[in-house]
Novice: 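Just passing along the structure, written as structure tokens.
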2 protein chains.
Amino acid sequence: MKQISTRFSMAVHILCLLATSPADCTGDFIAQSVNTNPVIIRRIMGMLKKAGLVDVRPGVGGASLRKPPDQITLLDVYRAVRVVETDQLFRIHEHPNIQCPVGRNIEAVLQAELKAAQAAMEERLSQTTISRLIAQFQ
Amino acid sequence: MKQISTRFSMAVHILCLLATSPADCTGDFIAQSVNTNPVIIRRIMGMLKKAGLVDVRPGVGGASLRKPPDQITLLDVYRAVRVVETDQLFRIHEHPNIQCPVGRNIEAVLQAELKAAQAAMEERLSQTTISRLIAQFQ
DNA sequence: CACCGTTGTAACCATTATAGTTATATCTTC
DNA sequence: GAAGATATAACTATAATGGTTACAACGGTG
């Protein structure tokens with residue numbers, strides 16, 4: 001069983017840190033909170049930056065949110081770290097035998113259902129914002 | 001990006017074959033339709049058998065559904081082939097720093113949201129049956 | 001009983017994504 | 001230029017997948 005990469009949960013962790021910390025967080029500081037190597041953090045920060053979610057200051061150091069935390073949804077993060085490409089959570093076996101009625105139809109018919117299932121999950125992710133998460137911290 | 005195994009789509013393919021074929025299908029016949037190695041088919045058949053979805057006749061050969069196709073949902077298949085263990089589609093990074101307010105809370109708070117997202121997807125899968133799929137074949 | 005085609009599995013391999021690590025280049029301020 | 005930070009390339013170990021070969025066990029048929 002292969003699960004969705006921890007890159008996603010780490011990215012959420014990073015954004016929660018940026019949203020709650022008064023000062024700018026450096027990669028090393030974040031790495032300590034996440035408990036991993038700073039390079040991992042910088043890799044993820046690069047993706048968040050590309051997605052327009054954070055600002056990173058090379059040289060001087062530190063990062064900050066580019067949007068208020070109530071305007072960043074889990075779906076935004078999910079997309080930013082590209083754990084899954086669009087409509088590709090499920091993989092379908094390739095080149096079934098098109099001589100067979102099932103082999104000929106299975107891909108198109110299944111594809112539609114699986115996309116719908118993926119969309120249902122993403123819809124749910126889009127309902128949760130970073131600010132909603134940090135409101136639950138104690 | 002890691003996707004959900006084709007084991008799932010192959011399993012659906014197999015069940016559609018069993019639902020539409022008049023005669024019993026052998027592993028080799030199914031393998032030809034799926035276009036893969038018979039051992040792959042037998043592996044998946046073993047999982048479907050354990051889940052009570054199919055009957056397989058060793059020795060004589062062939063398999064058949066144990067339930068009418070309108071009573072087998074995509075969620076049943078998804079569970080049967082165990083592409084993802086219960087509530088574990090998403091993985092969360094381990095051992096965050098509990099000295100940090102975010103590190104201390106992130107796991108519990110995120111876990112709840114991710115479970116909800118996964119549940120939304122599974123709910124959608126449970127709405128589609130094998131008979132619904134084959135009704136769309138042409 | 002022996003044969004034959006089938007299922008059931010174990011063992012192994014190549015491929016791929018991930019998480020982590022080391023090293024080095026680049027940037028900004030002082 | 002020094003100091004401290006980010007950016008990134010290259011490499012490793014690990015794990016899941018899909019495929020393959022090989023062989024044991026099963027169950028009818030001649």
Side-chain angles (χ1 to χ4, degrees), chain A residues 1-11 13-14 17-18 21 23-32 34-51 54-64 78 81-85 88-96, chain B residues 1-11 13-14 17-18 23-32 34-51 53-64 78 81-85 88-96:
Chain A
M1 169 207 46
K2 203 61 182 179
Q3 303 170 273
I4 289 177
S5 164
T6 56
R7 206 157 69 229
F8 177 41
S9 68
M10 288 189 197
H13 187 139
I14 292 171
L17 262 180
L18 296 183
S21 288
D24 276 5
C25 303
T26 68
D28 280 32
F29 172 77
I30 297 173
Q32 281 194 331
V34 174
N35 192 22
T36 186
N37 192 295
V39 176
I40 304 291
I41 298 301
R42 282 185 232 137
R43 278 212 279 249
I44 297 173
M45 295 288 276
M47 293 179 175
L48 296 176
K49 189 174 63 173
K50 257 186 200 157
V54 301
D55 266 326
V56 185
R57 276 170 300 286
V60 53
S64 51
Y78 175 86
V81 297
R82 297 205 311 277
V83 283
V84 169
E85 301 300 329
Q88 304 237 69
L89 175 58
F90 295 92
R91 207 151 85 79
I92 297 185
H93 55 290
E94 294 174 333
H95 313 306
Chain B
M1 169 207 47
K2 204 63 183 179
Q3 302 171 275
I4 288 177
S5 163
T6 57
R7 206 157 68 228
F8 177 40
S9 69
M10 288 189 198
H13 187 139
I14 292 171
L17 262 181
L18 296 184
D24 277 5
C25 304
T26 68
D28 280 33
F29 172 78
I30 297 173
Q32 279 195 332
V34 174
N35 192 22
T36 184
N37 190 295
V39 176
I40 305 290
I41 299 300
R42 282 184 234 142
R43 280 213 277 248
I44 297 172
M45 295 288 276
M47 293 178 176
L48 297 176
K49 190 173 62 172
K50 258 187 200 158
L53 298 180
V54 302
D55 266 324
V56 186
R57 275 169 300 287
V60 54
S64 52
Y78 176 85
V81 296
R82 298 206 310 279
V83 282
V84 169
E85 300 298 330
Q88 305 236 69
L89 174 59
F90 295 92
R91 206 151 86 80
I92 298 186
H93 56 288
E94 295 174 331
H95 312 306

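Numbered from 1 within each chain, the chains take letters A, B, ... in sequence-line order.
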Novice: Without decimals, in angstroms, what is the distance between B:Arg91 CZ and C:dA17 C1'?
Specialist: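 So the two atoms are 11 Å apart, to the nearest Å.
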Novice: Between D:dA16 atom C1' and A:Gln3 atom CD, what is the distance in whole Å?
Specialist: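 Whole-Å distance recorded here is 11 Å.
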Novice: For A:Met10 and A:Ile40, what are the C-alpha separation, side-chain angles and deciding distance, and is it a side-chain contact (heavy atoms from CB on, under 4.5 Å)?
Specialist: CA-CA 9 Å; A:Met10 288 189 197; A:Ile40 304 291; 3.8 Å; yes
Novice: Starting from P on C:dT7, measure out to CE on B:Met47 and report it in whole angstrom.
Specialist: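 About 17 Å, once rounded to whole Å.
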Novice: B:Ala63: which residues meet the side-chain contact (heavy atoms from CB on, under 4.5 Å) condition with it, sequence neighbours left out?
Specialist: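 Here the qualifying residues are B:Leu18, B:Met45, B:Val56.
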Novice: Using the 3.5 Å cut-off, write out each protein N or O paired with an N or O of nucleotides 20-27 of chain D and the distance between them.
Specialist:
residue, atom, partner, partner atom, Å
D:dT20, OP2, B:Asn37, ND2, 3.3

Novice: To the nearest 10°, let me know how far the axis at one end of the helix from C:dC1-D:dG30 to C:dC30-D:dG1 is tilted from the axis at the other, five pairs an end.
Specialist: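 The end-segment axes of the helix from C:dC1-D:dG30 to C:dC30-D:dG1 are tilted 10° relative to each other.
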Novice: Strictly below 4.0 Å: does A:Thr6 bring a side-chain N or O up to OP1 or OP2 of C:dT18?
Specialist: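 False: A:Thr6 side-chain N/O out of range (4.0 Å or more) of C:dT18 OP1/OP2.
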Novice: Measure the acute angle between the ring planes of A:Phe8 and A:Tyr78, then classify it against the limits of 30° and 60° as parallel, tilted or perpendicular.
Specialist: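 Correct class here is perpendicular.
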Novice: May I ask you to test the B:His93-A:Thr36 pair for a side-chain heavy-atom distance under 4.5 Å?
Specialist: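 No, their side chains stay 4.5 Å or more apart.
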Novice: Taking the nucleotide of DNA chain C with the nearest heavy atom to each, does B:Val56 or A:Asn35 sit closer to the 5' end?
Specialist: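 Going by which nucleotide is closer to the 5' end, it is B:Val56.
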Novice: Checking B:Gln3 side chain against A:Gln88 main chain: does a donor-acceptor pair fall under 3.5 Å?
Specialist: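 It does hold such a pair.
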Novice: Between atom CD1 in A:Ile41 and atom P in C:dG20, what is the gap in whole Å?
Specialist: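 Atom CD1 in A:Ile41 sits about 9 Å away from atom P in C:dG20.
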Novice: To the nearest Å, give me how far apart CE (A:Met45) and C1' (D:dT8) are.
Specialist: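 Whole-Å distance recorded here is 15 Å.
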Novice: Looking at A:Lys49, does any N or O in its side chain come under 4.0 Å of the phosphate oxygens OP1/OP2 on D:dT6?
Specialist: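 So the side-chain polar atoms of A:Lys49 never come under 4.0 Å of the phosphate oxygens OP1 or OP2 of D:dT6.
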Novice: Take the protein atom CD1 of A:Ile4 and the nucleotide atom P of C:dA17, then report the distance between them rounded to whole Å.
Specialist: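 Rounding to the nearest Å, CD1 of A:Ile4 and P of C:dA17 are 15 Å apart.
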Novice: For B:Thr26 and C:dG5, is the shortest distance between a side-chain N/O and OP1 or OP2 below 4.0 Å?
Specialist: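 So the side chain of B:Thr26 is outside the cut-off, no N or O lying under 4.0 Å from OP1 or OP2 of C:dG5.
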Novice: What's the closest nucleotide to the side chain of B:Arg7 if the choices are C:dT18, C:dT7, D:dG18?
Specialist: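 Among C:dT18, C:dT7, D:dG18, the one nearest the side chain of B:Arg7 is D:dG18.
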Novice: Heavy atoms only, 4.0 Å cut-off, all strands: where does A:Gly46 land among base, sugar-phosphate and nothing?
Specialist: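 Nothing, no nucleic acid heavy atom in range.
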